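Scroll down for the structure; my scribbles are underneath it.
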Amino acid sequence: MWTHPPAQPPSPVPDFLYGTAWKEDRTPALTELALRMGFRGIDTANQRRHYFEEGVGQGLAAAYRAGLVTRADLFLQTKFTYRPGQDHRLPYDPAASLSVQVAQSLASSLDHLATGYVDSYVLHGPSSNHDWTAADNEVWEAMQKERDAGRTRLLGVSNVSLRHLQQMAAARTKLPAIVQNRCYARLGWDRAVRLFCRERKIIYQGFSLLTANREVLHHPLIARLAANANATPAQIVFNFARTVGILPLTGTSNREHMKQDLASRDLTLPLDAVQAIESLAG
Ligand SMILES: NC(=O)c1ccc[n+]([C@@H]2O[C@H](COP(=O)([O-])OP(=O)(O)OC[C@H]3O[C@@H](n4cnc5c(N)ncnc54)[C@H](OP(=O)(O)O)[C@@H]3O)[C@@H](O)[C@H]2O)c1
């Protein structure tokens, strides 16, 4: 049975998100395992090319059946992906207008996840790398209608530059509640976008914290901090991320890494170490 938005205040955004990209047939089991290990935030997308959203729904159903969690315990986030980001397995009619595509894609997501609402609905990426376009405005307005209808609590944008966000602000477009970006250490961990978000109380979610920053994981500073804290370099990076206001995503397929990623929340890094990591590479 589909669940509807809670009457009481919904649970806040969790402090770690489990990402479900690239898991294919393992998606249901890994989603269930992530919930079993303690994750309460799940990130997916209605983009069959990289995600198996229906499989996420199967994992959720298994977790509900096992009594691990209820829908109200979870923060479910999914995305609308433009046609160029998709393969042939589309969640909408490509001949329909963009507004209709948004409605169709979200209806399909709610079906996949067997829920009446998601906690966050994210535009996977603007239509142009350079500018926030009229197409993005149409999609964004359609997403706001979905929120007003109660089918998502929050709205977000992903893979955005500072320029995109500034253009939204300059056009007095309603700003997102969430930004989800790839975090390169060599760009000061997306410093410019993070600062924009911090000033406007936008939740900044960071992905590829490990995979985009292999050199950081092998840096002597990180190795020393890890040894001092009896932690792994990955745990240092995740703890650093949270300390500077990044809500981290992990897509690990490994049970032990799930445990370690969540346990990184319990570390405390010295302030000078946090500052040093922030400007380690950029
Ligand atoms: N908006 C977008 O365009 C976009 C793009 C990419 C990703 N995402 C989201 O972000 C999620 C995460 O993606 P990601 O790019 O950050 O990469 P990822 O898929 O999370 O990959 C992380 C890598 O780090 C390893 N790892 C994780 N925890 C570790 C630990 N404690 N110790 C050592 N290795 C560890 C994993 O290996 P093991 O599996 O062996 O642990 C894996 O190879 C995705 O699933 C997706 O939901 C969004």
Side-chain angles (χ1 to χ4, degrees), residues 14 16-24 26-31 33-34 37-53 55-56 59 74-82 84-86 109 112-113 118-127 129 155-161 164 176 178-185 189-190 193 203-218 222-223 225-226 229-242 246-267:
F16 222 130
L17 295 180
Y18 184 70
T20 60
W22 310 301
K23 295 178 173 58
E24 291 298 328
R26 301 178 68 203
T27 304
L30 286 168
T31 302
L33 180 63
M37 299 307 286
F39 286 92
R40 291 295 175 264
I42 300 288
D43 178 80
T44 185
N46 208 343
Q47 181 205 32
R48 190 60 190 85
R49 181 178 173 187
H50 294 304
Y51 297 79
F52 178 24
E53 192 181 52
V56 173
L74 300 180
F75 179 88
L76 300 181
Q77 173 169 283
T78 190
K79 311 184 192 85
F80 171 78
T81 312
Y82 279 114
Q86 302 272 7
S109 289
H112 288 157
L113 301 171
V118 287
D119 297 276
S120 165
Y121 198 46
V122 174
L123 171 57
H124 210 153
S127 59
N129 287 337
L155 292 176
V157 292
S158 181
N159 298 298
V160 284
S161 62
H164 285 126
I178 288 170
V179 163
Q180 181 184 99
N181 266 5
R182 179 168 278 120
C183 247
Y184 289 105
W189 309 84
D190 207 13
V193 172
I203 296 167
Y204 180 94
Q205 302 179 357
F207 62 85
S208 301
L209 285 159
L210 306 184
T211 49
N213 302 306
R214 301 269 185 215
E215 75 288 1
V216 169
L217 290 168
H218 295 108
I222 303 293
L225 290 168
N230 197 20
T232 68
Q235 287 180 308
I236 298 295
V237 169
F238 284 131
N239 183 273
F240 153 76
R242 185 167 303 95
I246 298 169
L247 167 53
L249 285 109
T250 177
T252 179
S253 299
N254 176 299
R255 185 189 186 96
E256 198 52 36
H257 288 167
M258 287 185 188
K259 211 190 284 179
Q260 290 174 359
D261 293 353
L262 287 173
S264 72
R265 295 178 298 190
D266 303 330
L267 300 171

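Since the structure is predicted, the reported quantities are computational estimates derived from the model, not experimental observations. As the structure lists them, so they are numbered: ligands from 1, and atoms in each ligand from 1.
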Self-check item: Test item: Arg242 side-chain N/O and Leu247 main-chain N/O as donor-acceptor pair under 3.5 Å
Solution: no
Quiz prompt | Residue Gln260 vicinity, atoms of ligand 1 by number, heavy atom under 4.0 Å | solution = 31 (N)
Quiz item: Are side-chain N/O atoms of Gln47 and Thr81 paired as donor and acceptor at under 3.5 Å?
Solution: no
Quiz item: Does a donor on one side chain and an acceptor on the other come within less than 3.5 Å for Gln205 and Asp43?
Solution: no
Quiz prompt | Distance-only N or O hit between ligand 1 and Thr232, under 3.5 Å | solution = no
Quiz prompt | Heavy atoms from other residues, nucleotides or ligands near CZ of Arg40 exceed 12 (cutoff 6.0 Å) | solution = yes
Quiz prompt | ring pair (Phe, Tyr, Trp, His ring centres under 6.0 Å) partner of Tyr18, chosen from Phe39, Phe207, Phe75 | solution = Phe39
Practice problem: Please report which non-hydrogen protein atom sits nearest to atom 11 (C) of ligand 1, along with the residue it belongs to and the distance in Å to one decimal place. | Solution: Gly19 CA, 3.8 Å
Practice problem: Go through the steps for His164 and Ser161 under the test side chain to side chain donor-acceptor pair (under 3.5 Å), then give the verdict. | Solution: CA-CA 5 Å; His164 285 126; Ser161 62; 3.1 Å; yes
Quiz prompt | Residue, atom name and distance, where the atom is the protein heavy atom closest to atom 31 (N) of ligand 1 | solution = Asp261 OD1, 2.6 Å
Exercise. Check if Tyr18 has a non-hydrogen atom at a distance under 4.0 Å from any atom of ligand 1.
Key: no
Quiz item: Closest non-hydrogen protein atom to atom 8 (N) of ligand 1, residue and atom name please, with distance?
Solution: Tyr51 OH, 3.6 Å
Self-check item: Reported OG1-to-CD distance for the pair Thr250 and Gln260, which is rounded to 0.5 angstrom
Solution: 10.5 Å
Self-check item: Short N or O distance, Ala234 and ligand 1, threshold 3.5 Å exclusive
Solution: no
Quiz item: Can you find an N/O atom of Thr20 closer than 3.5 Å to an N/O atom of ligand 1?
Solution: yes
Exercise. Please indicate whether any nitrogen or oxygen in Trp22 is less than 3.5 Å from any nitrogen or oxygen in ligand 1.
Key: no
Quiz prompt | His124 neighbourhood, listing ligand 1 atoms whose heavy-atom distance to it stays under 4.0 Å | solution = 1 (N), 2 (C), 3 (O)
Quiz item: Ser158 heavy atoms, cut-off 4.0 Å: which ligand 1 atoms fall inside?
Solution: 1 (N), 2 (C)
Quiz item: Ignoring hydrogens and geometry, is there a side-chain-to-backbone donor-acceptor pair from Asn213 to Cys183 under 3.5 Å?
Solution: yes
Exercise. With heavy atoms of Asp43 as the reference, note each atom of ligand 1 found under 4.0 Å away.
Key: 9 (C), 46 (C), 47 (O)
Quiz item: Hey, mind stepping through Glu24 and Arg48 against salt bridge (Lys or Arg N to Asp or Glu O under 4.0 Å) and telling me if it holds?
Solution: CA-CA 9 Å; Glu24 291 298 328; Arg48 190 60 190 85; 3.0 Å; yes
Quiz item: Taking the side chain from Lys23 and the backbone from Ala21, do they hold a donor-acceptor pair closer than 3.5 Å?
Solution: yes
Quiz item: Around atom CZ of Arg255, are there more than 12 heavy atoms of other residues, nucleotides or ligands at under 6.0 Å?
Solution: no
Quiz prompt | Contacting atoms of ligand 1, where contact means under 4.0 angstrom from a heavy atom of Asn254 | solution = 41 (O)
Exercise. Taking only heavy atoms of Gln180 into account, list the atoms of ligand 1 that are under 4.0 Å away from them.
Key: 1 (N), 2 (C), 4 (C), 48 (C)
Self-check item: atom 20 (O) of ligand 1: the protein heavy-atom neighbour that sits closest, reported with distance to 0.1 Å
Solution: Gly251 N, 2.5 Å
Quiz item: Considering all protein heavy atoms, does one lie under 4.0 Å from atom 42 (C) of ligand 1?
Solution: no
Quiz prompt | Closest protein heavy atom (residue, atom, distance) for atom 16 (O) of ligand 1 | solution = Ser208 N, 2.7 Å
Exercise. Would you tell me which option among His257, Glu256, Gln77, Lys79 has the nearest heavy-atom contact to atom 35 (C) of ligand 1?
Key: His257
Quiz item: What atoms of ligand 1 come within less than 4.0 Å of a heavy atom belonging to Asn159?
Solution: 1 (N), 2 (C), 3 (O)
Quiz prompt | Closest protein heavy atom to atom 25 (C) of ligand 1, given as residue, atom name and distance to 0.1 Å | solution = Leu210 CD1, 4.1 Å
Quiz item: Just wondering, are more than 12 heavy atoms of other shown residues or ligands nearer than 6.0 Å to CG in Asn129?
Solution: no
Quiz item: Any N or O of Ala21 that comes nearer than 3.5 Å to an N or O of ligand 1?
Solution: yes
Quiz prompt | Heavy atom of protein closer than 4.0 angstrom to atom 47 (O) of ligand 1 | solution = yes
Exercise. Rounded to the nearest 0.5 Å, what's the gap from NE2 on His50 to OG1 on Thr44? Could you check?
Key: 12.0 Å
Quiz item: Tell me, which protein residue and heavy-atom name are nearest atom 23 (C) of ligand 1, and how many Å apart are they?
Solution: Thr211 CG2, 3.6 Å
Quiz item: Can you tell if the side chain of Ile178 reaches within under 4.5 Å of the side chain of Leu155, non-hydrogen atoms only?
Solution: no
Quiz item: So which heavy atom in the protein is nearest atom 39 (O) of ligand 1, and how far is it from that ligand atom?
Solution: Ser253 N, 2.9 Å
